[in-house]
Amino acid sequence: MQETPLQYRDRLLSLIRSRDPWEVLETTPMVIRRSLVGRTLEQLSWTPEPGRWSVTQILAHLSDTETVGAWRFRLVMAPNAVALQPFDQNEWAHAFRYENADPFESLELFAVTRAGTLRVLRRIDPALMDHYGIHGERGEESVRHLVNLYAAHDLNHLAQIERLLRHPPPAA
């Protein structure tokens, strides 16, 4: 059974627990970069079964999601109570051919976009943290909530990357 958008949100948020979301957001690109040292494109493109994402596909997804996040944060902070459009990550993966992405380029775009978003978030008036958007599937999401959600999203994918890299592709 597939998760509903609210179940997905709750599952992700359960990952953050007592972690500092700002620290997670700041360190994720570096953690991923370290995990890729010495890895081959073959290792990064390996998937345990059809329909499951490889590290390459996860990195393309993180890059795209960060671009969406950069826009959502800015959209919510300027006016208040704006509409936030959902997107289907699997449709994006197919349309943008995540399996053919360069994982190192995806990581760099993710890191640069994340750094820009963090710079904006750190310099805003703290009152803007309570501004919110209305997500088409999940309802009201404040800037503060989005910080937690994006950090939890990072933790979810960091765990997936770690699992994939623990299990090397089978020998040809």
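With rounding to the nearest 0.5 Å, the separation of OG1 in Thr113 from CD in Glu108 is 10.5 Å. Interatomic distance, OG of Ser54 versus CD of Gln160, reported as 11.0 Å (0.5 Å rounding). Taking CG of Leu59 as the start and CZ of Phe110 as the end, the distance is 8.5 Å to the nearest 0.5 Å. In this structure, the separation between CD1 on Ile32 and CD on Glu162 is 12.0 Å, given to the nearest 0.5 Å. Note: Arg9 CZ to Glu137 CD = 11.5 Å, rounded to the nearest 0.5 Å. In this structure, CH2 on Trp53 lies 11.0 Å from CD1 on Ile161, to the nearest 0.5 angstrom.
Side chain to side chain, His153 and His61 meet the donor-acceptor criterion of an N or O pair below 3.5 Å.
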Could you walk me through whether His135 and Gln85 satisfy the side-chain contact (heavy atoms from CB on, under 4.5 Å) test, starting with their C-alpha distance in whole Å, then the side-chain angles of each, then the deciding distance to 0.1 Å, before giving a yes or no?
CA-CA 6 Å; His135 189 277; Gln85 182 178 351; over 6 Å; no
Taking it one step at a time, do Val147 and Arg144 satisfy side-chain contact (heavy atoms from CB on, under 4.5 Å)?
CA-CA 5 Å; Val147 165; Arg144 189 177 324 281; 5.8 Å; no
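No continuous path of ILVMFWY side-chain contacts below 4.5 Å connects Phe87 to Leu6, so the two sit in separate hydrophobic clusters. A single hydrophobic cluster is not seen to contain both Trp92 and Leu109; linkage of ILVMFWY side chains at heavy-atom distances under 4.5 Å, directly or through other members, places them apart. Hydrophobic clustering of Ile, Leu, Val, Met, Phe, Trp and Tyr side chains at less than 4.5 Å, counting indirect connections, keeps Val68 apart from Val112. Clustering ILVMFWY residues whenever any of their side-chain heavy atoms sit less than 4.5 angstrom apart, transitively, puts Ile58 in the very cluster that holds Leu41.
With sequence neighbours excluded, no residue satisfies ring pair (Phe, Tyr, Trp, His ring centres under 6.0 Å) with His131. When the salt bridge (charged side-chain N to carboxylate O under 4.0 Å, His left out) test is applied to Glu140, no partner is found at least two apart in sequence or on another chain. With sequence neighbours excluded, the residues forming a salt bridge (charged side-chain N to carboxylate O under 4.0 Å, His left out) with Glu3 are Arg11, listed by chain and number. Listed by chain and number, the residues in a ring pair (Phe, Tyr, Trp, His ring centres under 6.0 Å) with Phe73 are Tyr150 (sequence neighbours excluded). Scored by the salt bridge (charged side-chain N to carboxylate O under 4.0 Å, His left out) test, Arg39 finds no partners at all (sequence neighbours excluded). Scored by the ring pair (Phe, Tyr, Trp, His ring centres under 6.0 Å) test, Tyr8 finds no partners at all (sequence neighbours excluded). By the side-chain contact (heavy atoms from CB on, under 4.5 Å) test, Glu105 is found to be paired with Asp102, residues two or more places apart in sequence or in another chain being considered. Residues passing the side chain to side chain donor-acceptor pair (under 3.5 Å) test with Gln7 are Thr4, sequence neighbours excluded.
Counting heavy atoms from C-beta outward, Leu13 and His145 have side chains that approach closer than 4.5 Å. The shortest side-chain heavy-atom distance between Leu165 and Val55 falls under the 4.5 Å cut-off. Put simply, the side chain of Thr40 reaches to within 4.5 Å of the side chain of Gln43, judged on heavy atoms.
Crowding of Gln2 atom CD: a count of heavy atoms from other residues, nucleotides or ligands under 6.0 Å not exceeding 12.
Residues Leu121 and Ile124 approach most closely at O-CG1, 3.3 Å, considering heavy atoms. Nearest approach of Leu44 to Pro103, heavy atoms of both residues: CD1-CG, 3.8 Å. Contact between Arg33 and Ala111 at its shortest, heavy atoms only, is NH2-CB, 3.5 Å. Counting all heavy atoms, side chain and backbone alike, Arg52 lies closest to Thr47 at O-OG1, 2.5 Å.
Sorted by first and then second residue, the side chain to side chain donor-acceptor pair (under 3.5 Å) pairs involving residues 114-124 (not counting sequence neighbours) are Glu26-Arg122, Glu66-Arg114, Arg114-Asp154.
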Could you pull out every donor-acceptor pair under 3.5 Å between side chains of residues 15-24 and any protein atom, sequence neighbours left out?
from	atom 1	to	atom 2	distance (Å)
Arg17	NE	Ser14	O	3.4
Asp20	OD1	Trp22	N	3.0

Below 3.5 Å, can you tabulate the donor-acceptor pairs from side chains in residues 93-101 to any protein atom, sequence neighbours excluded?
from	atom 1	to	atom 2	distance (Å)
Tyr98	OH	Asp64	OD2	2.7

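Residue Tyr132 belongs to a hydrophobic cluster whose other members are Ile134, with links defined by side-chain heavy atoms closer than 4.5 Å.
Listed for the Asp125 side chain is no donor-acceptor partner under 3.5 Å among the backbone atoms of Leu128. Using modelled atom types, no side-chain atom of Asn80 and backbone atom of Val76 make a donor-acceptor pair closer than 3.5 Å.
Among Leu84, Asp10, Leu149, the single residue meeting the side-chain contact (heavy atoms from CB on, under 4.5 Å) criterion with Arg138 is Leu149.
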